Novice: 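Take this structure first; my questions come after.
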Amino acid sequence: MTDYDYDLFVIGAGSGGVRASRMAAGYGARVAVAEERYLGGTCVNVGCVPKKLLVCASAFADHYREASGFGWAAEQPAFDWGQLLANKNREIERLNGIYRGLLDSAGVELFEGRARLLDPHTVEIDEGGSGGSRVTADQILVAVGSWPDMPPIPGIEHAISSNEAFYLERLPERVAVVGGGYIGVEFAGIFAGLGCDVTQIYRGPLFLRGFDEEIRAHLAEEMRDRGICLRFESRVESIEETAGNDDRLRLHLDDGGTVDCGEVLYATGRRPLVAGLGLENCGVELGEQGEIVVDEFSCSNVPHIWAIGDVTDRLNLTPVAIHEAMCLSRTLFAGEPTPVDHEAVATAVFSQPPLAAVGLTEEEARARYEEVDVYRSRFRPLKLTLTDNQERTLIKLIVDRSSGRVLGAHMLGADAPEIIQGLAVAVKMGATKDDFDAAMAIHPTSAEEFVTLR
Ligand code: NDP
């Protein structure tokens, strides 16, 4: 027990902040959390959860198309965007309520307002009433996440970010997506599946930089086969509002070309949401992107100020923020200093088809190891053999020849995230190619390809 009002004050009730609050309270700490926007943060409100629901919605286009191959004759059913959004919004409200209940039952006090650090132990919270309340805390955790970053080009005010994409009043006929990261690729697939004409614009030679090159190239092929127009090595110079009916915007590209569309979604990265937090009052060090610089225990340069999740710009993924929260709670309140392990984190892009990976790409492995064996299989999934869908699945295992250790597993194809999640356990444990081969196949599946690679 300390003389402060709380042992831990958390700023931000997103995935990381809520987990840290609950765990710390579970260890007996007196905890409060402040949230100015929505409970559950980006993931629950304008990120992973609604995104996955939209991906599921858009995948029905394929299911209906493929049904006739299995003898199911049906007219193409009508799609109602308004109905989908209303259902999605209801589910998010339910989740907001669950998060509130979780904090409540853990004994965590919730302040619904904007928090600002006045000094290294004092927080002021503006809950919209007259004057902010001030509280003190022994330890402070900043878990405020990130916000879409829009480049300052002429006409950028006409563009939307992923935040608005989840609340569009109507689906436009034509959509342009700028950026070749997770969000751009996922939304290109969502809009295309829901019937929009999609152009995705990326400044480099091949999108999804950082993923295995062969897998990225294969995804580009599959997306083009689905009718998505991919314009690589292309930059938008300006956005012009036009008098077009549905196409109210015209994008001017650096190669002199133009793209007309009803909406343009910018998915060009996110930045740590540190503005106005009062970090300067405490001397907290920020990095080049505005991120809070932390050590392996998530501690900033100020000993009792900690930070986790996107605001630290390490690996900006929800499960990583949750893991960082668990490590931090143990470090602070269980007497077990626990560094965060960011190695071999499995990840998925919910593109269509989806992509998932754990461990090193072929390019990374070749740069780090002397001899690398690459096993791959490219095949047509059994289900599609009765349909006119020509999609191919691609899987890859990257192996260190001298030890036999599997360094990376990659997959592009139906169920890739579900399959790679299981393999992530094996890769994290240091499984070898022999271990993979010793596992009996489950037949007929796509996953069995991983244990029958020759
Ligand atoms: P990313 O950082 O993944 O990608 C940003 C993309 O925009 C890159 O292709 C980048 O190009 C490009 N870009 C950056 N600046 C500009 C610019 N000024 N002009 C044109 N293009 C630009 O960001 P996202 O917005 O896609 O996603 C944000 C974060 O959210 C991700 O880092 C990810 O961690 C997380 N996320 C995770 C998901 C998941 O787990 N499935 C889903 C969605 C988001 P270049 O490659 O050349 O730098």
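For ligands, and for the atoms within them, numbers begin at 1 and follow the listed sequence. Predicted model only: the values in this text are computed from it and were never measured.
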Novice: I want to know if ligand 1 touches Tyr182 in the polar sense, i.e. an N/O pair below 3.5 angstrom.
Specialist: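 Yes, since at least one N or O of Tyr182 sits under 3.5 Å from an N or O of ligand 1.
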Novice: Using the side chain to side chain donor-acceptor pair (under 3.5 Å) criterion, which residues pair with Arg100? Sequence neighbours excluded.
Specialist: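 Scan of Arg100 (side chain to side chain donor-acceptor pair (under 3.5 Å), adjacent residues dropped) gives Glu112.
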Novice: State which residue, out of Asn96, Ile98, Ile92, fulfils the side chain to side chain contact (heavy atoms under 4.5 Å, CB included) condition with Arg94.
Specialist: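 Considering Asn96, Ile98, Ile92, a side chain to side chain contact (heavy atoms under 4.5 Å, CB included) with Arg94 is found only for Ile98.
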Novice: Ile183 versus ligand 1: do any nitrogen or oxygen atoms come within less than 3.5 Å of each other?
Specialist: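 Yes, at least one N or O pair falls under 3.5 Å.
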Novice: For atom 28 (C) of ligand 1, find the nearest protein heavy atom and state the residue, atom name and distance (0.1 Å precision).
Specialist: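 Here the nearest protein heavy atom works out to Arg270 CD, 3.5 Å.
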Novice: Does the structure place the NZ or CZ of Lys396 under 6.0 Å from the centre of the six-membered ring of Tyr375, at an angle of no more than 45° from the ring's axis?
Specialist: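 No, Lys396 does not sit over the ring of Tyr375.
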Novice: Considering only heavy atoms of Leu317, which atoms of ligand 1 have at least one such atom less than 4.0 Å away?
Specialist: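 Answer for ligand 1: 34 (O), 37 (C), 40 (O).
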Novice: Where the closest heavy atom to atom 41 (N) of ligand 1 is concerned, which of Gly180, Gly210, Ala348 has it?
Specialist: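 The option holding the nearest heavy atom is Ala348.
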Novice: Using the salt bridge (charged side-chain N to carboxylate O under 4.0 Å, His left out) definition, which of the options Arg392, Arg378, Arg226 pairs with Glu221?
Specialist: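 The option that passes is Arg378.
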Novice: Can you figure out which of Lys52, Arg203, Arg209 has its heavy atom closest to atom 17 (C) of ligand 1?
Specialist: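 That would be Arg203.
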Novice: Under 3.5 Å between any N/O of Glu186 and any N/O of ligand 1: does that happen in this structure?
Specialist: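 Right, the criterion is met.
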Novice: Go through ligand 1 atom by atom and flag the ones less than 4.0 Å from a non-hydrogen atom of Lys51.
Specialist: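 Under 4.0 Å from Lys51, ligand 1 has these atoms: 41 (N), 42 (C).
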Novice: Should one rank Gly269, Ala267, Gly181 by closest heavy-atom distance to atom 3 (O) of ligand 1, which comes out on top?
Specialist: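 It is Gly181 whose heavy atom sits nearest to atom 3 (O) of ligand 1.
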Novice: By the definition side chain to side chain contact (heavy atoms under 4.5 Å, CB included), identify the one residue from Val406, Val374, Val372 that meets it with Val399.
Specialist: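 Exactly one option meets the side chain to side chain contact (heavy atoms under 4.5 Å, CB included) with Val399, and it is Val406.
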Novice: Can a non-hydrogen atom of Tyr202 be found less than 4.0 Å from any atom of ligand 1?
Specialist: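 Tyr202 counts as a contact of ligand 1 under the 4.0 Å cut-off.
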Novice: Is it true that, when you exclude Glu336 itself, more than 12 heavy atoms of the residues, nucleotides or ligands shown sit nearer than 6.0 Å to its CD?
Specialist: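 Atom CD in Glu336 is crowded, with more than 12 foreign heavy atoms closer than 6.0 Å.
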Novice: Do Phe166 and Phe187 touch side chain to side chain, with heavy atoms closer than 4.5 Å?
Specialist: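 Heavy-atom side-chain distance check passes, below 4.5 Å.
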Novice: How about Arg271 and Gln289: does a side-chain donor come under 3.5 Å of a side-chain acceptor?
Specialist: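 Distance-only check passes for Arg271 and Gln289.
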Novice: Closest non-hydrogen protein atom to atom 22 (C) of ligand 1, residue and atom name please, with distance?
Specialist: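 Sorting protein heavy atoms by distance from atom 22 (C) of ligand 1 puts Thr268 CG2, 3.5 Å first.
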Novice: Of the protein's non-hydrogen atoms, which lies at the shortest distance from atom 35 (C) of ligand 1, and what is that distance?
Specialist: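 Going atom by atom, the protein heavy atom closest to atom 35 (C) of ligand 1 ends up being Asn316 O, 3.4 Å.
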Novice: Going by the order shown, which atoms of ligand 1 are within less than 4.0 Å of some heavy atom of Pro151?
Specialist: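 Once the distances to Pro151 are compared, the set is 18 (N).
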Novice: Is the shortest side-chain N to carboxylate O distance from Arg366 to Glu362 below 4.0 Å?
Specialist: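 So Arg366 pairs with Glu362 through a salt bridge.
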